[in-house]
Amino acid sequence: MPTISTFHGIVIQMFFEDHPPPHFHAIYAEFEALVDIRTLEVTRGFLPHRGLALTREWARLHQDELMENWKLCRDRRVPLKIAPLG
């Protein structure tokens, strides 16, 4: 599973050929959540408030890049790295 960004202790990853809807995995300490790229809602798992707020802030800034990476992963191509949250 490629890591596409890391910031503030949060690791963002995507699986190759993953199931719809378009989403990414956010890992923060021992917590993991699947976040829908279109709505930025957690579809599975849990992140504490701080981790979720930072993840959503980052994802809002990079939604287009996340969708492009989703397409790359669906085609079993390596996704591009995305800049971390400053």
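Annotation: salt bridge (Lys or Arg N to Asp or Glu O under 4.0 Å) contacts involving residues 29-40, sequence neighbours excluded, comprise Asp36-Arg38.
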Going by atom type alone, with no hydrogens or angles, which donor-acceptor pairs under 3.5 Å involve a side-chain atom of residues 14-24 and a protein atom two or more places apart or on another chain?
{"unit_1": "Asp18", "atom_1": "OD2", "unit_2": "His23", "atom_2": "NE2", "d": "2.8"}
{"unit_1": "Asp18", "atom_1": "OD2", "unit_2": "His25", "atom_2": "NE2", "d": "3.3"}
{"unit_1": "His23", "atom_1": "ND1", "unit_2": "His19", "atom_2": "O", "d": "3.4"}
{"unit_1": "His23", "atom_1": "ND1", "unit_2": "Pro21", "atom_2": "O", "d": "2.7"}

Which side-chain N or O atoms in residues 44-54 pair as donor and acceptor under 3.5 Å with protein atoms at least two apart or in another chain?
none

Show the atom names and distances, to 0.1 Å, of all donor-acceptor pairs under 3.5 Å that link a side chain in residues 76-86 to residues at least two apart or in another chain.
{"unit_1": "Lys81", "atom_1": "NZ", "unit_2": "Thr3", "atom_2": "O", "d": "2.6"}

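Heavy atoms only, all atoms of each residue included: Tyr28 and Gly9 are closest at CD1-O, 3.7 Å.
Under the rule for a salt bridge (Lys or Arg N to Asp or Glu O under 4.0 Å), the partners of Arg56 that lie at least two apart in sequence or sit in another chain are Glu41. Taking Glu68 as the reference, Lys71 meet the salt bridge (Lys or Arg N to Asp or Glu O under 4.0 Å) condition, with sequence neighbours excluded.
In this structure, Ile12 and Ile27 have side chains that are not in contact, with every pair of non-hydrogen atoms separated by 4.5 Å or more.
A 6.0 Å sphere centred on CG of Asp75 holds more than 12 heavy atoms belonging to other residues, nucleotides or ligands.
Without hydrogens or angle criteria, Gln63 side chain to Ile37 main chain gives a donor-acceptor distance under 3.5 Å.
Note on Val11 and Val42: separate hydrophobic clusters, where clusters join Ile, Leu, Val, Met, Phe, Trp and Tyr whose side-chain heavy atoms are under 4.5 Å apart, directly or indirectly.
Distance check: Ile10 CD1 to Phe31 CZ gives 12.0 Å after rounding to the nearest 0.5 Å. Between the CG atom of Leu66 and the SG atom of Cys73 there is a distance of 10.5 Å, given to the nearest 0.5 Å. A distance of 11.0 Å separates CD of Gln13 from OG of Ser5, quoted to the nearest 0.5 Å. Interatomic distance, OG1 of Thr55 versus NE2 of His8, reported as 10.0 Å (0.5 Å rounding).
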